[in-house]
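Here, residue 1 is the first one in the sequence, and each next residue gets the next number.
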Amino acid sequence: MALEARFFLAAVFAVAATCLCLSAVASAFAVPSVAFDEGYSPLFGDDNLVRSSDDKSVRLLLDRRSGSGFISSDYYLHGFFSASIKLPKAYTAGVVVAFYLSNGDVYEKTHDELDFEFLGSRWGGQWRVQTNVYGNGSTARGREERYLLPFDPTLEAHRYSVLWAPTHIIFYIDDTPIREVIRHPGMGGDFPSKPMAVYATIWDGSTWATDGGKYKVNYKYAPFASEFSDLALLGCRADPVLRAPRDGGGAGCAEPDLLGLLTADYAIMTPRKRAAMRAFRARHMTYTVCYDAVRYAAGPFPECDVSDVEKESFSAWGESKNVVMKARGRGRRRGRKAGVAGAGAMSRLDVSSS
């Protein structure tokens, strides 16, 4: 049996023995959501965290006083985690909105993390999205990728999801996979393996978020408001220190169990989904660590699926030669030029992918 196959089976059986607790949902994204009070708690920001009257959505605000954020009430060992997010409008340079998993509060120097980070810009609607993967404190080996969005994320909410299994990770925007990280033996501890909580935050990232910190947050446009809804927590609640399921494994686990997790639609990369992922990446990915030969001169990470043909589209710094963010002209009505069909359709960004 090949090494990769043995590694795959060993990972599945090891986690199954620990957490046979997650039944599969009927549809990839028809997942049940929870009310805020059922799955989350405020993290910081006081009055800058505003819950809806039905407790099914939350607004996170950033102003001169503070950002804001919330955290899941439990830690989870693998699962599917999702939220519909609407991002702030207008000038948002320096603003960072994040939806992520982490155990940094428990493992300060050896933490794991899976990130969606939304980076503001000088032009309303033109947010960049960054994904990242850390394991066992591997912050010196960041695995960033950045993308532009094919829609205006300030007009309506879109769903952002993370599938975290013992064998692979998939990042989704709506029902489209945008990134897959398959666990490779060469990753060692760099693959997240300890229970993590789910976080959502908005904060001032003026030092780095927009053009490397060139453009700062301008509080003349505050408060910056991000909206979170359709909060989904499908995983096994686990003790972050013992790294074991709570309540003996049964009562502590939401749908699906491990087998259900690995066989759910959102965990399986079908040929059609892989083609959609490749199309998205070709048209919208602006940076990938897999082609950053300057930062990682020793070569790409073992899990990188690289090709010589694709590599030609990226600079030695890992930046796309073809996908760039274009400044908008003042007063220009966007949408028709970008191919929006008509009223009610989503506006598309000015993204060049020649």
Side-chain angles (χ1 to χ4, degrees), residues 7-22 39-41 43 69-83 98-117 131-144 161-171 179-201 232-262 266-267 289 301-303:
F7 183 84
F8 180 93
L9 291 174
V12 171
F13 291 137
V15 177
T18 303
C19 184
L20 283 173
C21 52
L22 292 174
Y40 289 94
S41 302
L43 181 63
F70 57 88
I71 181 175
S72 61
S73 303
D74 289 288
Y75 282 70
Y76 295 84
L77 183 61
H78 308 115
F80 183 78
F81 310 96
S82 183
F99 177 67
Y100 63 105
L101 286 77
S102 178
N103 49 33
D105 290 341
V106 179
Y107 300 96
E108 184 177 349
K109 296 183 179 180
T110 59
H111 85 287
D112 306 315
E113 192 168 318
L114 295 171
D115 293 338
F116 267 114
E117 290 181 313
T131 62
N132 212 334
V133 177
Y134 295 121
N136 205 36
S138 59
T139 54
R141 298 182 298 280
R143 287 166 156 85
E144 299 96 338
S161 309
V162 179
L163 178 279
W164 173 38
T167 51
H168 63 294
I169 297 160
I170 304 177
F171 294 87
R179 183 179 186 182
E180 179 185 32
V181 179
I182 298 176
R183 189 173 190 172
H184 188 283
M187 293 180 72
D190 286 2
F191 190 92
S193 60
K194 300 186 291 293
M196 293 189 281
V198 183
Y199 295 78
T201 57
L233 294 166
L234 301 177
C236 176
R237 296 195 294 271
D239 187 298
V241 177
L242 298 178
R243 308 185 193 183
R246 294 190 185 277
D247 304 322
C253 298
E255 296 182 348
D257 60 17
L258 182 64
L259 179 60
L261 177 70
L262 291 172
Y266 48 70
V289 69
F301 290 118
E303 73 277 10

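- Counting only heavy atoms from C-beta outward, the side chains of Asp112 and Trp164 never approach each other to under 4.5 Å.
- Put simply, the residue from Phe80, Phe116, Phe99 that forms a ring pair (Phe, Tyr, Trp, His ring centres under 6.0 Å) with Phe171 is Phe116.
- Taking the side chain as every heavy atom from C-beta outward, Lys194 and Asn136 approach each other to under 4.5 Å.
- Between atom CD of residue Glu303 and atom CD1 of residue Ile182 there is a gap of 10.0 Å, rounded to the nearest 0.5 Å.
- Using a 4.5 Å heavy-atom threshold, the side chains of Val106 and Pro240 count as touching.
- Between the side chain of His168 and the backbone N or O of Ala267, at least one donor-acceptor pair lies under 3.5 Å.
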Item to check | Step-by-step side chain to side chain contact (heavy atoms under 4.5 Å, CB included) determination, Ile169 to Arg179 | outcome: CA-CA 8 Å; Ile169 297 160; Arg179 183 179 186 182; over 6 Å; no
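- How far OG1 of Thr201 is from CG of Leu43: 8.0 Å, rounded to the nearest 0.5 Å.
- We find the OH-CZ distance between Tyr76 and Arg237 to be 6.0 Å, quoted to the nearest 0.5 Å.
- Thr110 places no side-chain N or O within 3.5 Å of a backbone atom of Tyr107 that could act as its donor or acceptor partner.
- Two residues are said to be in side-chain contact when any heavy atoms from C-beta on lie closer than 4.5 Å; Leu163 and Leu261 meet this criterion.
- Under the 4.5 Å side-chain criterion, counting only non-hydrogen atoms from C-beta, Arg143 is in contact with Asp190.
- Taken from CG in Leu101 to OG in Ser72, the straight-line distance is 7.5 Å, to the nearest 0.5 Å.
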Checklist entry - Going through the checks in order, is the side chain to side chain contact (heavy atoms under 4.5 Å, CB included) test met by Phe81 and Leu234? => result CA-CA 6 Å; Phe81 310 96; Leu234 301 177; over 6 Å; no
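- For the pair Tyr266 (side chain) and Ile170 (backbone), a donor-acceptor distance under 3.5 Å is absent.
- To the nearest 0.5 Å, atom OH of residue Tyr75 and atom CG of residue Asp105 are 5.0 Å apart.
- Inter-residue side-chain proximity for His111 and Thr139 is flagged as met; some heavy-atom pair is nearer than 4.5 Å.
- When all heavy atoms are compared, the tightest approach of Gly142 to Val289 is O-CG2, 3.5 Å.
- Side-chain contact between Val133 and Phe191 is absent, with no heavy atoms from C-beta onward closer than 4.5 Å.
- The shortest distance between side-chain heavy atoms of Leu258 and Pro166 falls below 4.5 Å.
- Closest approach of His78 to Ala165, counting heavy atoms only: CD2-C, 3.6 Å.
- Atom CD1 of Ile71 and atom OH of Tyr40 lie 10.0 Å apart (nearest 0.5 Å).
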